[in-house]
Amino acid sequence: MVVMRTVTETILGLGENLRWDVDEERLYWIDVFAATVYRCDLAGRDLRSWKFPGDSISSLALRKDGGALVTSVAGVYLFDFDSGDADPVFRPEVSDGFGFNDGTVDHRGRFITGMADGPLIQAVFGGRRDGLTPSAKLYRIDTDLSAHVIGDPIGVTNGPCLSPDGSTLYCGDSALRLVYAWDYDGATGETANRRTLARFTDGDAMPDGATVDDQGYLWVAAYQGGEVRRYAPDGTLDRRIPVPAAGPTSVAFAGPELDVLMVTSQGGGTAEHDGRILAFHNLGVRGLPERKFGQRDDGP
């Protein structure tokens, strides 16, 4: 039987980007509009936080040598937890309403991130569903801090993650309610052959944060769907885990055995656990270690 518990008493405005550090055995996450990074142990103890010197944070990748690589509005930054300093790495020229939204680290220690298309979001929330053309971009930040456009145009980047062998990149488009898959070349960091893996067609649910388990199945937070969905590599919906929060936002496997599914959500709603971090035990599956920026799977 699946068992759920609340991890901390902190209620988040918009919790996102869960990361389990296997070296520290600590869970990291962000509160987007509080521009704050949090950390605690598996039981919710040893809670710490660091304020980013900006108005928001949209994604987080821990760095091999400490601190983090974060995205904020239309920029990518190196964030030093000790000093509180944030050094800009990349700020592309974009139109008003565009900004970074989510990110992950590949098997060579490179950061994959992407933007949200503000005008497209306005159109979607204004009731349009057809004839939408996304124009946001996906980027790859190499370990030398150079930036490169990859992938195809996207509406709202959410849940980028890679298959266990690193040969497939998954990423959701929350605006179009699709989950995509690309062939991913680990040597070059380039993508090819985008296809639609899954469509969210029920109610108002849309794909948000995601992770992959050690069987190669994709776990996706269904924002405004009140659940987490598990998809097979061929896109078949395999499992649904109800979440007592209206807007689940991100997922990650945590714990010494990587067998505890952590879930963040948006606060401010009427569901019992809106804004809480929740832990789900006894799912019968394990996740994969989160990679850090600058850390290669095949050695230093």
Side-chain angles (χ1 to χ4, degrees), residues 4 6-7 11-19 29-34 56-60 71 99-104 113-118 120-129 132 134 136 138 154-161 170-181 196-212 217-231 235 237-253 261-280:
M4 188 205 80
T6 301
V7 178
I11 298 178
L12 307 170
L14 182 58
E16 276 281 8
N17 264 224
L18 287 159
R19 301 284 182 259
W29 69 94
I30 62 175
D31 192 345
V32 173
F33 297 113
S56 64
I57 298 180
S58 53
S59 69
L60 164 80
T71 58
F100 285 103
N101 201 62
D102 205 350
T104 192
T113 184
M115 289 205 159
D117 180 336
L120 185 72
I121 295 171
Q122 290 182 348
V124 169
F125 282 98
R128 285 187 58 193
R129 291 289 186 188
L132 299 174
L138 289 173
I154 196 165
V156 177
T157 304
N158 256 320
C161 54
Y170 301 107
C171 187
D173 186 331
S174 298
L176 301 187
R177 305 173 74 196
L178 302 173
V179 179
Y180 294 119
T196 298
L197 184 81
R199 298 177 184 272
F200 281 48
T201 58
D202 53 313
D204 295 323
M206 61 188 75
D208 207 318
T211 191
V212 172
Y217 282 60
L218 182 68
W219 294 73
V220 184
Y223 181 74
Q224 298 301 334
E227 64 182 14
V228 175
R229 302 178 183 183
R230 185 186 193 229
Y231 290 92
L237 179 58
D238 171 76
R239 194 172 178 184
R240 306 170 92 134
I241 307 297
V243 176
T249 52
S250 71
V251 290
F253 286 97
L261 182 69
M262 298 291 189
V263 181
T264 56
S265 64
Q266 182 177 17
T270 59
E272 180 181 3
H273 292 286
D274 282 344
R276 302 279 192 181
I277 296 180
L278 304 175
F280 292 82

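Note that the structure is predicted; figures quoted are calculated from it, not measured.
Residues Glu16 and Asp208 are in side-chain contact: their nearest non-hydrogen atoms beyond the backbone lie under 4.5 Å apart. For the pair Thr157/Cys171, a side-chain contact is recorded, criterion being any heavy-atom separation below 4.5 Å from C-beta on. When side chains are defined from C-beta on, Leu12 counts as touching Trp29, because their heavy atoms get closer than 4.5 Å. Using a 4.5 Å heavy-atom cutoff, the side chains of Leu176 and Pro134 are in contact. You'll find the side chain of Leu278 reaches within 4.5 Å of the side chain of Pro244, heavy atoms only. Between Trp219 and Ile241 there is a side-chain heavy-atom pair separated by less than 4.5 Å. Within the 4.5 Å cutoff, the side chain of Ser250 has heavy atoms near those of the Thr264 side chain. Here the side chains of Asp102 and Asn17 are in contact, with some heavy-atom distance below 4.5 Å.
Remark: Arg276 engages Glu9 in a salt bridge (charged side-chain N to carboxylate O under 4.0 Å, His left out) (not counting sequence neighbours). Residues passing the ring-ring contact (aromatic ring centres under 6.0 Å, His included) test with Tyr231, sequence neighbours excluded: none.
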Requested in this report: Dump the intermediate steps for side chain to side chain contact (heavy atoms under 4.5 Å, CB included) on Asn158 and Asn101, then the final yes or no.
Outcome: CA-CA 7 Å; Asn158 256 320; Asn101 201 62; 3.3 Å; yes

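Judged purely by atom type and a 3.5 angstrom limit, Asp238 has no side-chain atom pairing as donor or acceptor with the backbone of Arg230. Here the side chain of Asp274 pairs a donor or acceptor atom with the backbone of Ala246 at under 3.5 angstrom. No donor-acceptor distance shorter than 3.5 angstrom exists from the side chain of Ser265 to the backbone of Thr249, with no hydrogens or angles considered. In this structure, the side chain of Arg19 does not engage the main chain of Ala252 through any donor-acceptor pair within 3.5 Å. Looking only at distances, a side-chain donor or acceptor of Ser58 sits under 3.5 Å from a matching main-chain atom of Thr71.
For Asp204, the CG atom counts as loosely surrounded, since its 6.0 Å shell holds 12 or fewer non-hydrogen atoms of other residues, nucleotides or ligands. Heavy atoms from other residues, nucleotides or ligands lying under 6.0 Å from CZ of Arg240 number more than 12.
One finds the CG atom of Leu60 at 10.0 Å from the CG atom of Leu18 (value rounded to the nearest 0.5 Å). Atom CD1 of Ile277 and atom CD1 of Ile11 lie 11.5 Å apart (nearest 0.5 Å).
Cation-pi geometry between Arg229 and Phe200 is met: the NZ or CZ atom falls under 6.0 Å from the ring centre, inside 45° of the normal.
Between Tyr170 and the choices Val220, Thr211, Val212, the side chain to side chain contact (heavy atoms under 4.5 Å, CB included) rule is met once, by Val212.
Residues Arg177 and Ala205 approach most closely at NE-O, 2.8 Å, considering heavy atoms.
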